There are 2 protein chains.
Amino acid sequence: MSTDRLSLIFSALADPTRRAILARLAEGEATVNQLAEPFDISLPAVSRHLKVLETAGLITRSRNAQWRSSKLEAAPLREAAEYMDKYRRFWDVSFSRLDAHLRTIQQVPKNQESGNEHATEHH
Amino acid sequence: MSTDRLSLIFSALADPTRRAILARLAEGEATVNQLAEPFDISLPAVSRHLKVLETAGLITRSRNAQWRSSKLEAAPLREAAEYMDKYRRFWDVSFSRLDAHLRTIQQVPKNQESGNEHATEHH
DNA sequence: CCGTTAATTAACTGATCTGTTAAATATGCG
DNA sequence: CGCATATTTAACAGATCAGTTAATTAACGG
């Protein structure tokens, strides 16, 4: 029984259909039928995927008449990102406590417009 | 048929034993027996976990006499982190193109430090 | 060689996953 | 109410998963 949060989150993310559903929800809330539309699988199958995502905390759902709207929830994604961050030093050659510290106090300006700013919050 | 890289990575990470193995490997290479030592499961079970991690690209293995050493590999973790990063705006309230721009030119310091809550990985 | 140690493979089991179709439930509306 | 629409639940099938024990392979060292 792997009922710990991270296991729930990672196994929810392990399915491509569920990741596609999350990607869709990143653009806004949607009903089950709307979410099912791009896929070749039955509605009950989508319903079960949503249940998995809900159990992992990746979505919340509300009812509006006979429609159930799904909404992306951030917390578990953040949790997963924080897990990855523990391993950042293994791939980010420019990552070290010293380097992070320097970036924090110096705020080295970036010429690129890719707002990739994980220097301020984490470590 | 979910043989895509991200699915392999996330399902490898979905198991707490495998995450514990990765955590151990973050401290350095180790043999199968050394990796198996903390767990109550058989050696073949650990061997299979290593196979899963290897298939996901999360470790590589080398042979030294009768010992097989496992080594943590960064690329898949980075890949997973980059996936998460696409959703960063959903949890990081201070994250947006505008906000990143403002931080770049204004140098707003942020010193919030969150404790490392999920340190225990074993089951 | 032979015995020992390290690790994997084989064969099997029970549980969980992903999908199906059919039936059930929930809600709005004429 | 009674029908249509949206969604979930039930029951089932096949695949994959995580574990076991027993057998096998690989390499070293007397």
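Please read these numbers as outputs of a predicted model, since none were measured by experiment. Below, chains carry the letters A, B, ... as their sequence lines are ordered, and counting in each starts from 1.
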Problem set entry | Atom-to-atom span, CZ of F10(B) to P of dC17(C) - whole angstrom | 18 Å
Exercise. How does protein contact run along nucleotides 6-11 of chain D, one letter per nucleotide 5' to 3', with B for base contact, S for sugar-phosphate only, - for none, heavy atoms under 4.0 Å?
Worked result: SBBB--
For this session: Measure from CG on D40(B) to P on dT21(D) and round the result to the nearest Å.
Result: 12 Å
Exercise. Is it true that a side-chain atom of S47(A) and a backbone atom of L43(A) form a donor plus acceptor pair closer than 3.5 Å?
Worked result: no
Problem set entry | Non-hydrogen side-chain atoms of E29(B) and Q34(B) separated by less than 4.5 Å | no
Exercise. Would you call S69(A) and N64(A) a side-chain contact if the rule is heavy atoms closer than 4.5 Å?
Worked result: no
Exercise. Can a side chain N or O of H49(A) be found less than 4.0 Å away from OP1 or OP2 on dC17(C)?
Worked result: no
Problem set entry | Upstream residue (5' side of DNA chain C) when N64(A) and A45(A) are each assigned their closest nucleotide | A45(A)
For this session: If the plane angle is over 60° it's perpendicular, under 30° parallel, otherwise tilted; pick one for F10(A) and Y83(A).
Result: perpendicular
Exercise. What is the distance from CG of L13(A) to P of dT18(C), rounded to the nearest Å?
Worked result: 12 Å
Exercise. Roughly how far, to the nearest 0.5 Å, is the CG atom of L53(B) from the CG atom of L22(B)?
Worked result: 5.0 Å
For this session: Count the heavy atoms belonging to other residues, nucleotides or ligands that lie under 6.0 Å from NZ of K86(B), then report whether that count exceeds 12.
Result: yes
Exercise. Rounding to a whole Å, what distance do you find between I21(B):CD1 and dA7(C):P?
Worked result: 13 Å
